[in-house]
> 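Structure in structure tokens, see below.
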Amino acid sequence: MTQTTDAGPLAELKAKFPNGVWTTRANARLQDALIEGSGLGRLQAAVGWAARMQATDAPEPFTTPRMLLFAGEYPEGWDSGDYAPVAEQAAALERGEGPLAEQAARSGLPIGVVRTGASEGAEGPLLDETELDEALRLGRDTANRAIDEGADLLLVSGLGAGAVTAAVAVCSFIAKDEITNFQPQLHAPGGSVFDAAWMGRVSALRDHLAFNRGFKRSPQELISRLGGAELGAMAAAIFTAATRSTAVLVDGPAAVAAVMLARDFGLAAPKWCYAPNRSTHPVVVKLAKQAGLADDLALELDLPDGAALPLGWDLIQAGLRFSQSLPMPAEQEPEPEPNEPVVGGIGPVPTTPEAGEDALAEPEAAEAPATEPEAEAAEPEATGEKA
């Protein structure tokens, strides 16, 4: 974890790539485990990801997670078919109500709800320059505060269908494809097909895109025109965590789209992220692969954004604990260095070639006669000849 990122604009910050060699070493270590069977299966990808987050071949469970759920309103129609307005969803989570709050409590995950400004621009960008700066500052300050308080892992997701619709817009722009290819069929409570909600979101998004075509790609432009305040704040939080070498778990199309926006701020940002559950939502399928996220846990849960984070967190922690407990081969003592021969039981011989030859010749010299006058006399002559 690096120091806080208070100084300078967000676009001027740098994020380093985590060292992938630790994933290779962690996988090699698990292969040496003294166990029957083929190992940890789909959990091994999560252990390998944690290894490069912690820069060790034997990663440990994370200790101080912080869940950050971002909530912001979007133009009319973007949240068609949502079970409740995003403000009500945020208030329920703050009260500890609902399945997500209950699961997070059981998993020991503290929840922080981050309320962003509204993204209300209908004919033109969703955010003006001031609103964009406020959204980016909010995400940056939120991540900095959590990390300064000791968080070693951030769990990031969005709230509300409006953010998912914004993710469809961002994905459509990045993929250069029709929005209908990224807006899946919707279902009402009970499982019936909800065509009215699907048409409401597509219609609202098409009207908006009619006013936002032909702009040059940059993270600021994508956020102000298509992503809005919620995705912008999430992207800023993810990028800030990457600049401080802090791991991030993400869930849902809104968060995965935010990862791609963070990537536009710095290419290393997605490498600090992991999506334990990749739903079949077309935005997740497309952008998770394009961002180069590590293999997931193959849960394939199709639930509202954020719902899979507590389960994914529990499985990752269990995998890390299990990998720590595996029996490993005993470490062997290093063998003597080959350039340290032992002569006559008197210990190592000097390592220079000349010294080594003299020492090995000593036993033969001891067997020679005590006095050899001719040899002693000849030695100066030989020396003189050389001179």
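Sequence positions, counted from 1, serve as the residue numbers for this chain. Computed from a predicted structure; not experimentally measured.
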> Would you call Phe70 and Val156 a side-chain contact if the rule is heavy atoms closer than 4.5 Å?
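Yes, at least one pair of side-chain atoms sits under 4.5 Å.
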> Which atom names give the shortest non-hydrogen contact between Leu205 and Ala169, and what distance separates them?
CD1-CB, 3.8 Å
> Is it true that, when you exclude Glu76 itself, more than 12 heavy atoms of the residues, nucleotides or ligands shown sit nearer than 6.0 Å to its CD?
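Atom CD in Glu76 is not crowded, with 12 or fewer foreign heavy atoms closer than 6.0 Å.
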> Would a 4.5 Å heavy-atom cut-off, applied to side chains only, mark Gln324 and Val47 as touching?
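They are not in side-chain contact.
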> Please answer: with hydrophobic residues joined when any side-chain heavy atoms are less than 4.5 Å apart, are Met53 and Trp22 in the same cluster?
no
> If you look at every heavy atom in Ala143 and Leu154, which pair is closest and at what distance?
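Heavy atoms of Ala143 and Leu154 come nearest at CB-CD1, 4.2 Å.
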> Keeping the roles fixed (side chain from Asp128, backbone from Glu131), state whether a donor-acceptor pair exists under 3.5 Å.
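Looks like yes, one N/O pair under 3.5 Å.
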> Is there a path of hydrophobic side-chain contacts, each under 4.5 Å between heavy atoms of I, L, V, M, F, W or Y residues, that connects Val164 with Val259?
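No; tracing contacts between hydrophobic side chains, which count when under 4.5 Å, never links both residues.
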> Would you check, one step at a time, whether the test side-chain contact (heavy atoms from CB on, under 4.5 Å) holds for Glu221 with Leu132?
CA-CA 9 Å; Glu221 284 292 303; Leu132 172 64; over 6 Å; no
> With heavy-atom distances below 4.5 Å as the criterion, would you say the side chains of Leu293 and Cys273 are in contact?
yes
> When clusters are formed by joining ILVMFWY residues with side-chain heavy atoms under 4.5 Å apart, either directly or through shared neighbours, do Leu303 and Val285 land in the same one?
no
> Rounded to the nearest 0.5 Å, how far does NZ of Lys271 lie from CZ of Arg263?
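If I round to the nearest 0.5 Å, the distance is 8.5 Å.
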> Does the side chain of Arg206 reach to within under 4.5 Å of the side chain of Ile179, using non-hydrogen atoms?
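Result yes, sub-4.5 Å side-chain heavy-atom pair found.
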> With the side chain counted from C-beta on, respond yes when Leu40 and Ser323 share a heavy-atom pair under 4.5 Å apart, and no when they do not.
yes
> Can you tell me if Glu230 uses its side chain to pair, donor with acceptor, with the backbone of Leu159 under 3.5 Å?
yes
> Test your reading of the model: is there a side-chain donor-acceptor pair from Asn277 to the backbone of Ala308, 3.5 Å cut-off?
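No: the side chain of Asn277 does not pair with the backbone of Ala308.
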> State whether the side chain of Ser80 and the backbone N or O of Gly77 hold a donor-acceptor pair below 3.5 Å, judged by distance alone.
yes
> Measure across Phe182 and Ala175 and return the closest heavy-atom pair with its distance rounded to 0.1 Å.
CZ-CB, 3.7 Å
> Does Trp78 form a side-chain contact (heavy atoms from CB on, under 4.5 Å) with Glu73? I'd like the steps, not just the answer.
CA-CA 9 Å; Trp78 287 43; Glu73 296 188 2; over 6 Å; no
> Are the side chain of Asp177 and the backbone of Ser172 linked by a donor-acceptor contact shorter than 3.5 Å?
no
> Looking at Gln317 and Phe62, would you say the former's side chain and the latter's main chain have a donor-acceptor pair under 3.5 Å?
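At least one qualifying donor-acceptor pair exists.
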> Does the Gln89 side chain pair with the main chain of Ala84, one donor and one acceptor, at a distance under 3.5 Å?
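Side chain of Gln89 to backbone of Ala84: a pair is present.
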> Taking atom types as modelled, find out whether Thr240 and Arg140 have a side-chain donor-acceptor pair closer than 3.5 angstrom.
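Note: Thr240 and Arg140 side chains miss the donor-acceptor criterion.
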> When rounded to the nearest 0.5 angstrom, what is the spacing between CZ in Arg52 and CZ in Phe17?
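Arg52 CZ to Phe17 CZ: 11.5 Å, rounded to 0.5 Å.
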> Treating Asp152 as the side-chain partner and Thr64 as the backbone partner, does any N or O pair qualify as donor plus acceptor under 3.5 Å?
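Yes; judged by distance alone, with no hydrogens or angles, the pair exists.
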> Quick check for you: to the nearest 0.5 Å, what is the distance between Gln220 atom CD and Asp133 atom CG?
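Rounded to the nearest 0.5 Å, the CD-CG separation comes out at 9.0 Å.
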> Does Leu311 form a side-chain contact (heavy atoms from CB on, under 4.5 Å) with Leu301? I'd like the steps, not just the answer.
CA-CA 10 Å; Leu311 177 58; Leu301 301 177; 3.9 Å; yes
> Under 6.0 Å from the CZ atom of Phe215, do we count more than 12 heavy atoms belonging to anything else shown?
yes
> Does one side chain, of Asp251 or Ser157, offer a donor that lies under 3.5 Å from an acceptor on the other?
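Per modelled atom types, Asp251 and Ser157 side chains form no pair under 3.5 Å.
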> Does the side chain of Phe173 come within less than 4.5 Å of Asn212's, by heavy atoms?
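Side chain of Asn212 against side chain of Phe173, heavy atoms only: no contact under 4.5 Å found.
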> Would you check, one step at a time, whether the test side-chain contact (heavy atoms from CB on, under 4.5 Å) holds for Glu60 with Gln54?
CA-CA 8 Å; Glu60 299 178 349; Gln54 300 177 15; 4.2 Å; yes
> Has Thr243 got a side-chain atom pairing as donor or acceptor with Leu13's backbone, closer than 3.5 angstrom?
no
> Once rounded to the nearest 0.5 Å, what's the spacing between atom CG of Leu69 and atom CG of Leu100?
6.0 Å
> What's the spacing between Leu299 CG and Arg42 CZ if we round to 0.5 Å?
9.0 Å
> Are Trp272 and Ile238 side-chain neighbours, meaning at least one heavy-atom pair lies under 4.5 Å?
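Contact flag for Trp272/Ile238 side chains = no.
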> CD/Gln183 to CZ/Arg201 distance, rounded to the nearest 0.5 angstrom?
5.5 Å
> What closest approach, in Å, do Phe239 and Ala15 show between heavy atoms, and which atom pair accounts for it?
CE1-CB, 4.1 Å
> For Ala262 versus Ala269, what's the shortest heavy-atom pair and its separation?
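Taking Ala262 first and Ala269 second, the nearest heavy atoms are O-CB, 3.7 Å.
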> Report whether Leu153 and Leu315 are members of the same hydrophobic cluster (ILVMFWY, side-chain heavy atoms less than 4.5 Å apart, transitive linking).
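Looking at the clustering, Leu315 is in the same group as Leu153.
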> Mark yes or no for whether Thr246, through its side chain, and Arg244, through its backbone, hold a donor-acceptor pair below 3.5 Å.
yes
> Any side-chain heavy-atom pair from His208 and Leu126 closer than 4.5 angstrom?
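His208 vs Leu126: side chains touch.
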> What closest approach, in Å, do Gly108 and Pro65 show between heavy atoms, and which atom pair accounts for it?
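Smallest heavy-atom distance, with atoms named: O-CG, 4.4 Å.
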> Have a look at Leu231 and tell me which of Leu222, Leu226, Val170 forms a side-chain contact (heavy atoms from CB on, under 4.5 Å) with it.
Val170
> Hey, any chance Met328 and Ile35 share a hydrophobic cluster, counting ILVMFWY side chains that come within less than 4.5 Å of each other, even indirectly?
yes
